[in-house]
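A short worksheet on the structure shown next.
Counting starts at 1 for both ligands and their atoms, following the listed order.
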Amino acid sequence: MLKVLGICGSPRKGATEYLLKESLKPFENREDIQVEYMFLKGKKIAPCNNCDYCRKNKKPCIIQDDMNELLEQFLTADAFVIATPVYAYGATPQIHSFFSRMRPIFHLAPTRLRDKFGVAMATGGRRNGGQEIAVASLINMMMSRGINIISNESGGYAGAYLWSKDQKEIGAAEDEYAMLQGKLLVNKLVELMLRFKRD
Ligand SMILES: Cc1cc2nc3c(=O)[nH]c(=O)nc-3n(C[C@H](O)[C@H](O)[C@H](O)COP(=O)(O)O)c2cc1C
């Protein structure tokens with residue numbers, strides 16, 4: 001069974017959640033794939049403050065908030081579809097906090113994520129509002145934790161880039177090209193992951 005985890009980095013239900021869910025929908029009822037979601041909306045995730053507790057003691061993070069539970073779910077997945085709104089030409093602070101808190105993995109089990117794969121998508125209010133930068137940022141965050149990156153199909157480039165016009169689901173649905181790119185991206189991830197698992 002291949003477990004695919006869709007992670008939404010938006011602090012609200014809107015364009016990003018819509019893009020993520022629509023891209024994963026075709027795989028929700030398949031017997032060989034388990035689709036799960038993780039919504040950072042409403043979650044308490046303090047950013048890493050570099051206290052070095054994990055590094056010095058080789059122990060999980062000392063901060064007690066929602067991250068511990070989220071990390072447990074994260075580690076059970078084989079593949080990640082990570083989506084963020086563009087905030088100030090980058091990913092959201094929620095996503096940055098989330099990845100900064102994965103430092104204990106590096107100190108406790110550095111190879112833990114080496115056979116996992118991920119793809120990235122971003123939604124921006126402007127047509128060219130920094131979606132490519134946000135996708136690159138997500139890709140870099142995944143690579144920093146040892147996750148392998150799957151690009152989009154030829155012509156789709158690194159991920160999926162959506163223009164929401166700041167209109168949540170309605171704006172997202174209007175960007176048909178980006179919605180298609182989201183589906184193609186997840187399709188490629190799943191196809192390659194199934195092959196990887198089989199071999
Ligand atoms: C603090 C903040 C910063 C933003 N910065 C950008 C930006 O740099 N570029 C852009 O295109 N849109 C920007 N936006 C708009 C959101 O990226 C856009 O509305 C996005 O689709 C929201 O996703 P959501 O509906 O899933 O929350 C910003 C919105 C907020 C709240």
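- For the side chain to side chain contact (heavy atoms under 4.5 Å, CB included) test, residues two or more places apart in sequence or in another chain that qualify with A122 are T84, V86, Q131, A134, V135.
- The shortest non-hydrogen separation linking K188 to E153 is CB-OE2, 3.8 Å.
- In terms of protein heavy-atom proximity, atom 17 (O) of ligand 1 is nearest to V86 O, 2.6 Å.
- Using a 4.0 Å cutoff on heavy atoms, A88 counts as a contact of ligand 1.
- Scanning the protein heavy atoms around atom 20 (C) of ligand 1, the nearest turns out to be T123 OG1, 3.4 Å.
- The heavy atom nearest to atom 21 (O) of ligand 1, considering only G171, A172, S164, is found in S164.
- A donor and an acceptor atom, one from each side chain of K3 and T76, are located under 3.5 Å apart.
- Residues K197 and D78 are paired through a salt bridge, judged by an N-O separation under 4.0 Å between the basic side chain and the carboxylate.
- Each of the atoms 24 (P), 26 (O), 27 (O) of ligand 1 lies under 4.0 Å from some heavy atom of S10.
- Taking a cut-off of under 4.0 Å to the non-hydrogen atoms of R12, the atoms of ligand 1 that pass are 22 (C), 24 (P), 25 (O), 27 (O).
- For the pair N57 (side chain) and Y53 (backbone), a donor-acceptor distance under 3.5 Å is present.
- Between T16 and ligand 1, a contact under 3.5 Å exists for at least one N or O pair.
- Applying the 4.0 Å criterion to heavy atoms of R126 picks out, from ligand 1, the atoms 10 (C), 11 (O).
- With salt bridges taken as basic N to acidic carboxylate O contacts below 4.0 Å, one links K13 and E169.
- The ligand atoms of ligand 1 that sit less than 4.0 angstrom from a heavy atom of D166 are 15 (C), 16 (C), 18 (C), 19 (O).
- No donor-acceptor contact under 3.5 angstrom links the side chains of T123 and S164, judged on distance only.
- Between F80 and F74, the ring-plane angle classifies as parallel under the 30° and 60° cut-offs.
- For ligand 1, the atoms lying closer than 4.0 Å to a non-hydrogen atom of G14 are 25 (O), 26 (O).
- Both the backbone and the side chain of A15 come within contact range of ligand 1, each with a heavy atom under 4.0 Å.
- Taking any N or O of K168, backbone or side chain, none lies under 3.5 Å from an N or O belonging to ligand 1.
- Between the side chain of S137 and the main chain of I133, no donor-acceptor pair closer than 3.5 Å is present.
- When hydrogens are left out, the protein atom nearest atom 12 (N) of ligand 1 is G125 N, 3.0 Å; that is the closest non-hydrogen contact.
- Counting atoms of ligand 1 from 1 in the listed order, those under 4.0 Å from a heavy atom of Y89 are 7 (C), 8 (O).
- A pairwise comparison of heavy atoms in W163 and D175 identifies N-OD2, 2.8 Å as the closest pair.
- Geometrically, ligand 1 and G129 share a nitrogen or oxygen pair separated by less than 3.5 Å.
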